[in-house]
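Read through the structure below, which is laid out as structure tokens, and then see the notes.
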Protein chains: 2
Amino acid sequence: MSDIRHLICWMGDIQKRLGKNVARLRKERGESQEAFADHAGIHRTYISDIERGARNPTIEVVAKIAKALGVRPGELLD
Amino acid sequence: MSDIRHLICWMGDIQKRLGKNVARLRKERGESQEAFADHAGIHRTYISDIERGARNPTIEVVAKIAKALGVRPGELLD
DNA sequence: CTGTGACTTATAGTCCGTA
DNA sequence: CTACGGACTATAAGTCACA
């Protein structure tokens with residue numbers, strides 16, 4: 001029952017969900033896109049694209065971002 | 001503290017983790033790679049590659065697989 | 001600081017096989 | 001049934017100038 005969510009989360013686009021999670025967690029940490037991108041080893045504009053759900057990144061990129069945010073990779077997709 | 005796991009899961013390659021999860025869940029459902037690939041709308045050889053951790057798929061593919069398995073996308077990366 | 005279009009290079013993803 | 005290779009096409013990765 002903790003997982004009625006999986007019936008819901010399919011509705012939304014996974015790219016948008018990833019984007020919202022990244023933006024939220026980044027802001028919680030008080031970092032700008034620029035600062036975060038730098039710290040994650042990813043280009044600034046690429047982070048911008050991801051936060052807007054305009055990209056379809058690979059799981060390696062998700063792993064990099066998760067590491068920089070200090071969360072589990074899977075958490076970014078939920 | 002439910003998340004000391006995030007300190008551990010970075011150790012392993014995320015591709016291998018995905019592969020193991022997919023293989024495990026697929027087998028639990030008693031499907032062959034072929035049948036599952038078909039049912040998930042992904043090519044047979046690609047599923048084979050993913051289960052062996054030999055590929056770096058995009059999150060859209062992860063979402064497709066998760067949907068076919070009836071689990072949350074994030075679950076496949078944990 | 002962030003969004004966006006355009007662009008090149010790398011690789012994701014498909015499809016044909018064989019063992 | 002699954003692993004794996006080769007060849008191919010579609011799209012992600014990665015960067016930039018500018019709004």
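Just so it is clear: chains get the letters A, B, ... in the order the sequence lines come, proteins before strands, and each one is counted from 1.
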Looking only at side-chain N and O atoms, does [X] come under 4.0 Å of OP1 or OP2 in [N]?
X	N	result
A/T45	D/dT15	no
A/T58	C/dA12	no
A/R44	C/dC1	no

Starting at [atom1] of [X] and ending at [atom2] of [N], how long is that distance when rounded to a whole Å?
X	N	atom1	atom2	value
A/I50	C/dG3	CD1	P	12 Å
B/L18	C/dG13	CG	P	11 Å
B/E60	D/dT11	CD	P	11 Å
A/D49	C/dT4	CG	P	9 Å
B/R52	D/dT2	CZ	P	12 Å
A/E51	C/dC1	CD	P	14 Å
B/I59	C/dA12	CD1	C1'	14 Å
B/I47	C/dG13	CD1	P	11 Å

Rounded at 0.5 Å granularity, tell me how far [atom1] in [X] sits from [atom2] in [Y].
X	Y	atom1	atom2	result
B/Q33	B/I50	CD	CD1	10.5 Å
B/R72	A/I14	CZ	CD1	11.5 Å
A/R44	A/E34	CZ	CD	5.5 Å
B/D78	B/N21	CG	CG	7.5 Å

Looking at [options], which one has an atom nearest to any side-chain atom of [X]?
X	options	value
B/R26	D/dT2, C/dA12, C/dG17	D/dT2
B/R55	D/dC16, C/dA12, C/dG13	C/dG13
B/I42	D/dA12, C/dT14, C/dT4	C/dT14
A/H43	C/dT2, C/dG13, D/dC16	D/dC16

Interface residues of residues 31-39 of chain A with DNA chain C (non-hydrogen, below 4.0 angstrom):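 Within residues 31-39 of chain A, the residues near DNA chain C are A/S32, A/Q33, A/E34.
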Contact class for B/N56 (heavy atom, under 4.0 Å): base, sugar-phosphate, or nothing?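 The answer is sugar-phosphate, as B/N56 gets under 4.0 Å only of primed atoms, P, OP1 or OP2.
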Measure across A/A68 and A/A40 and return the closest heavy-atom pair with its distance rounded to 0.1 Å.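 Answer, listing the atom of A/A68 first, then A/A40: CB-CB, 3.6 Å.
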Any side-chain heavy-atom pair of A/L76 and A/L25 under 4.5 Å: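 In contact.
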Side chains of A/H39 and A/F36, heavy atoms from C-beta outward: is any pair under 4.5 Å?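 Side-chain contact under 4.5 Å: yes.
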